[in-house]
2 protein chains.
Amino acid sequence: MAADKKGAAWTPPPPGRHVYEYPRPAVTVDCVVLGLDADDLKVLLIQRGVEPFRHAWALPGGFVKDDEDLDEAARRELREETAIEDVYLEQLYTFGAPGRDPRGRVITVAYYVLAKLSDYRVKAATDAENVGWFALDRLPALAFDHAAIIERAVERLRGKVRYAPIGFELLPPRFSLTQLQRLYEIVLERPLDKRNFRKKILSLGLVVETDEVEQGVRHRAARLYRFDRKKYERLLKQGFEFAI
Amino acid sequence: MAADKKGAAWTPPPPGRHVYEYPRPAVTVDCVVLGLDADDLKVLLIQRGVEPFRHAWALPGGFVKDDEDLDEAARRELREETAIEDVYLEQLYTFGAPGRDPRGRVITVAYYVLAKLSDYRVKAATDAENVGWFALDRLPALAFDHAAIIERAVERLRGKVRYAPIGFELLPPRFSLTQLQRLYEIVLERPLDKRNFRKKILSLGLVVETDEVEQGVRHRAARLYRFDRKKYERLLKQGFEFAI
DNA sequence: CAACTTCGTGTACATTATACACTATAAGAC
DNA sequence: GTCTTATAGTGTATAATGTACACGAAGTTG
């Protein structure tokens, strides 16, 4: 976790000295923010300014406040550290191995976040600390157990993208079918047949044609579609199962 | 959580008084132990002996110790409170709403556990406190937010049983295909066709015939099968996907 | 040995998945 | 405005899988 983002060094509690009779670990949230570039899944990292792991890159995150829920804490830290808001956010897994933070017992509730990368390309770089998107296969050295957390987030995305319409969270509101196919190919790491993919997607009836086309391309522009979330929610209630 | 199982009442920290500058919630683990009866999914509950929620039923669980991992803590609490060991155990979700424990901030990492109910029918009742299996549709009043935790565990089981061979964790090592079908019918809450189910299961090649048959039934005895875990793991590495 | 209960089996049809290649359209260069 | 280039957009035949459906076989009990 990157809790001490304002530079105030955090000192661990003296071992074995607790005010109450039960252990009191520190609890943080960490966010694995995934975004889709033209050819890659990318993850948003911030560079640590303090020890331990000074200069190492880490997941955005920080301490959970006394009066906030875990999801709230994750959204707050995201907003504070990366200016990212209004994204798909879901709890991933809680990491609590005793040695995962050299300063003492810190349990972190990890979240995974799907962001429309294009929305945040600029903003991300303007924060006080270094912030950047990194391709998943070219990650820098990471603080704590954050590499393992990212790995689990990607596993989860891969597992879930086929059975839930979460891929759309990575695309702009209007997208071409080619873009959508590219997304699935990148996440699933295998090529898909263009005609079969389109047949399948359109037969679900969840993406609807708009009257817009791609702009600024140097060839025939593709028709743009949008995801019909309301229809999806209606169908869900009727036992419909999304699957690609 | 049922952390104070030995009757020592736990008092909450005075609000706003922390030794360090960041909040220090208590962290517990709670286990949703599911078992399969003839006609029902059941969950294992223990009855609380102390306030709050004295006399209410609750999930087995307790505080995470300073030097143990979360999974370890869950297994330890299970062993201590219910004598259950060597079961399928997987982290479920972390619940941390500020008001979920009336005594103060307690964050709980929930686990779900699949147990062969027949193994634990007797042992479970011998613990110092009241312990019992409850059908999911006839739960007693539950402490804290434990009803919500159980609900999420069942959702997870339902979602996962079709894509991972975890149903076998609920059956004895040797089982009939009728038992296996019954399991899926109970978990998925819909009837399955006998011939189609057997075709499907056998075509996966993961359950193998043994030379044993059901004992002590008052009709033709069914052949018993076992799950071939090694074969499953081999196939997994080759990209095989389990699905029912 | 009759009655009962569950076991174990196959086929026809519908649906879905897969493999595969060319024409249409728009932009850009000249 | 014509040619080049790049991607968009489309259909069919075959294989695989899913679904619906009913009855004789085998073992137990009285």
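The structure presented is a predicted model; accordingly, all values stated were derived computationally and were not measured. Numbered from 1 within each chain, the chains take letters A, B, ... in sequence-line order.
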Report yes or no: does [X] contribute a side-chain atom to a donor-acceptor pair with the main-chain N or O of [Y] at less than 3.5 Å?
X	Y	result
Gln215(A)	Val213(A)	yes
Gln179(B)	Ser176(B)	yes
Gln91(B)	Asp71(B)	no
Asp228(B)	Lys231(B)	yes
Lys116(A)	Leu170(A)	no
Gln47(B)	His55(B)	yes
Asp37(B)	Asp40(B)	no

Measure the distance from [atom1] on [X] to [atom2] on [N] and round it to the nearest whole Å.
X	N	atom1	atom2	answer
Leu180(A)	dG9(D)	CG	C1'	15 Å
Leu192(B)	dC21(D)	CG	C1'	15 Å
Arg190(B)	dA20(D)	CZ	P	11 Å
Gln181(B)	dC7(C)	CD	C1'	12 Å

Give a yes/no on whether any side-chain N or O of Ser203(A) is located under 4.0 angstrom from OP1 or OP2 of dT16(C).
no
Angle, rounded to 10°, between the helical axes spanning five pairs at each terminus of the helix from dC1(C)-dG30(D) to dC30(C)-dG1(D)?
20°
Near DNA chain C, which residues from residues 193-200 of chain A have a heavy atom under 4.0 Å away?
Asp193(A), Arg195(A), Asn196(A), Lys199(A), Lys200(A)
Among residues 208-221 of chain A, which ones have heavy-atom contacts with DNA chain C below 4.0 Å?
Val217(A), Arg218(A), His219(A), Arg220(A)
Is Glu233(A) salt-bridged to Lys237(A), going by a charged N under 4.0 Å from an acidic O?
no
Which heavy atom of Leu70(B) sits nearest a heavy atom of Gly96(A), and at what distance?
CD1-N, 3.7 Å
Locate the shortest heavy-atom distance separating Phe144(A) from Arg48(A); write the atom from each residue and the value.
CE1-NH1, 3.5 Å
Tell me whether the centres of the aromatic rings in Tyr93(A) and Phe95(A) are closer together than 6.0 Å.
yes
